[in-house]
A.B. asks: 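What follows is a structure written as structure tokens; I'll ask about it next.
Values reported hereafter were calculated over all heavy atoms of this structure, with side chains retained and with hydrogens, waters and symmetry mates removed.
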Amino acid sequence: RGSLARRVPARVLIFGAIAVAMWAVDRFLAVPLRLPVGFHEVAGIVIGLILAFRTSTAYARFWEGRTLWGGIV
């Protein structure tokens, strides 16, 4: 199996280039690129809830493993 770290810089550069292209179109051409604020609010709330759930689940699994390891030792 390969490492994921080799593919990350290429993807960062690709998305960076897309962001620069969108900025240039918005800045220098008369094409307005706007997103409604509601989308960002909803996406932020959803991502926050997912991260909170994953964090609490990971901590519960860690604590269960620590408890089992303490019983073995």
A.B. asks: Determine all donor-acceptor pairs shorter than 3.5 Å in which one atom belongs to a side chain in residues 60-73; sequence neighbours excluded.
C.D. replies:
residue: T67; atom: OG1; partner: W63; partner atom: O; Å: 2.8

A.B. asks: Let me check something: do F15 and I47 share a hydrophobic cluster, defined by ILVMFWY side-chain heavy atoms less than 4.5 Å apart, either directly or through other members?
C.D. replies: no

A.B. asks: Taking transitive links into account, so neighbours of neighbours count too, which hydrophobic residues share a cluster with F53 at under 4.5 Å side-chain distance?
C.D. replies: none

A.B. asks: Is it true that V42 and L49 fall in one hydrophobic cluster, defined by side-chain heavy atoms closer than 4.5 Å?
C.D. replies: no

A.B. asks: Using links of under 4.5 Å between side-chain heavy atoms of ILVMFWY residues, direct or through other members, which residues join L13 in one cluster?
C.D. replies: none

A.B. asks: According to a 4.5 Å side-chain heavy-atom criterion applied to Ile, Leu, Val, Met, Phe, Trp and Tyr, with indirect links allowed, do L51 and Y59 form part of one hydrophobic cluster?
C.D. replies: no

A.B. asks: With rounding to the nearest 0.5 Å, note down the distance linking NE2 in H40 to CD1 in I45.
C.D. replies: 13.0 Å

